[in-house]
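Quick notes on the structure that follows.
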Amino acid sequence: MDASGCVPERLKDRAALAGLFEELIVLLELKVVGQPQWHVFPEPGGITGLTLLAESHLAIHTFPEHGFAALNVYCCRTRPRPDFEALVARYLGARECVVRELARGVKA
């Protein structure tokens, strides 16, 4: 998903990003493998975060200077779709969210 019009301070707030990840993990009933990894770039940069999952991974890259975040929720099993737009609005202050869904799977 691409989240635009985000509050720049939230895109530099590791706790806010971790909260978003935690809520996605609970809503989608995902299983975390290991510890989440966070890299905080020097000002004016943002944060890159990655959580490995038994189902695949969550990743985010934030660009506070542009009010933009790119979030990947990659899951190898079908899950009910949460309200991604509301989540990024609540956690990041996003005014716009474009969600692209790709069906993936092994073809026999």
Side-chain angles (χ1 to χ4, degrees):
M1 114 209 28
D2 291 342
S4 301
C6 299
V7 176
E9 291 76 26
R10 292 189 194 173
L11 298 177
K12 296 188 263 185
D13 183 346
R14 184 177 151 193
L17 301 176
L20 173 59
F21 273 28
E22 288 169 21
E23 187 157 348
L24 285 167
I25 288 163
V26 170
L27 285 172
L28 295 170
E29 299 178 359
L30 303 170
K31 293 173 186 63
V32 176
V33 176
Q35 294 295 313
Q37 298 295 308
W38 299 97
H39 179 77
V40 179
F41 290 91
E43 286 289 337
I47 296 176
T48 290
L50 174 68
T51 296
L52 294 178
L53 306 168
E55 300 83 1
S56 195
H57 68 270
L58 298 176
I60 193 164
H61 306 282
T62 71
F63 302 87
E65 66 275 24
H66 301 293
F68 177 80
L71 175 66
N72 289 322
V73 180
Y74 186 37
C75 187
C76 62
R77 290 187 287 170
T78 303
R79 298 276 197 251
R81 183 193 189 280
D83 187 346
F84 291 118
E85 296 84 355
L87 286 169
V88 295
R90 185 160 24 100
Y91 282 95
L92 307 179
R95 290 192 311 260
E96 183 180 350
C97 179
V98 176
V99 177
R100 286 184 289 284
E101 294 183 55
L102 301 171
R104 304 210 173 180
V106 177
K107 307 261 189 231

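Only heavy atoms go into these numbers, but all of them, side chains included; no hydrogens, no water, no symmetry mates.
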Just by modelled atom types, is the [Y] backbone N or O under 3.5 Å from a matching donor or acceptor in the [X] side chain?
X: T62; Y: I47; answer: yes
X: R10; Y: R90; answer: yes
X: E55; Y: K31; answer: yes

Could you see if [X] belongs to whatever hydrophobic cluster contains [Y]? Use Ile, Leu, Val, Met, Phe, Trp, Tyr and a side-chain cutoff under 4.5 Å.
X: L52; Y: L71; value: no
X: V88; Y: V7; value: no
X: V40; Y: L50; value: no
X: L30; Y: L20; value: yes
X: L11; Y: F41; value: no

If every non-hydrogen atom of [X] is compared with every non-hydrogen atom of [Y], which pair is closest and at what distance?
X: L28; Y: P80; value: CD2-O, 3.4 Å
X: A3; Y: A94; value: CB-CB, 4.0 Å
X: Y91; Y: A16; value: CD2-O, 3.5 Å
X: K12; Y: P64; value: CG-CG, 3.4 Å
X: G49; Y: W38; value: CA-CE3, 3.4 Å

H61 ring center near F63 ring center (under 6.0 Å): no
Any chance you could measure [X], atom [atom1], to [Y], atom [atom2], to the nearest 0.5 Å?
X: E43; Y: E65; atom1: CD; atom2: CD; answer: 9.5 Å
X: L17; Y: T48; atom1: CG; atom2: OG1; answer: 10.0 Å
X: F84; Y: M1; atom1: CZ; atom2: CE; answer: 4.5 Å

[Y] and [X], any side-chain heavy atoms less than 4.5 Å apart:
X: L58; Y: I25; answer: yes
X: L53; Y: C75; answer: no
X: F21; Y: V32; answer: no
X: L24; Y: T51; answer: no

Is it true that atom CZ of R95 has more than 12 heavy atoms of other residues, nucleotides or ligands lying nearer than 6.0 Å? no
Please check if atom CD in E29 has more than 12 non-hydrogen atoms from other residues, nucleotides or ligands closer than 6.0 Å. no
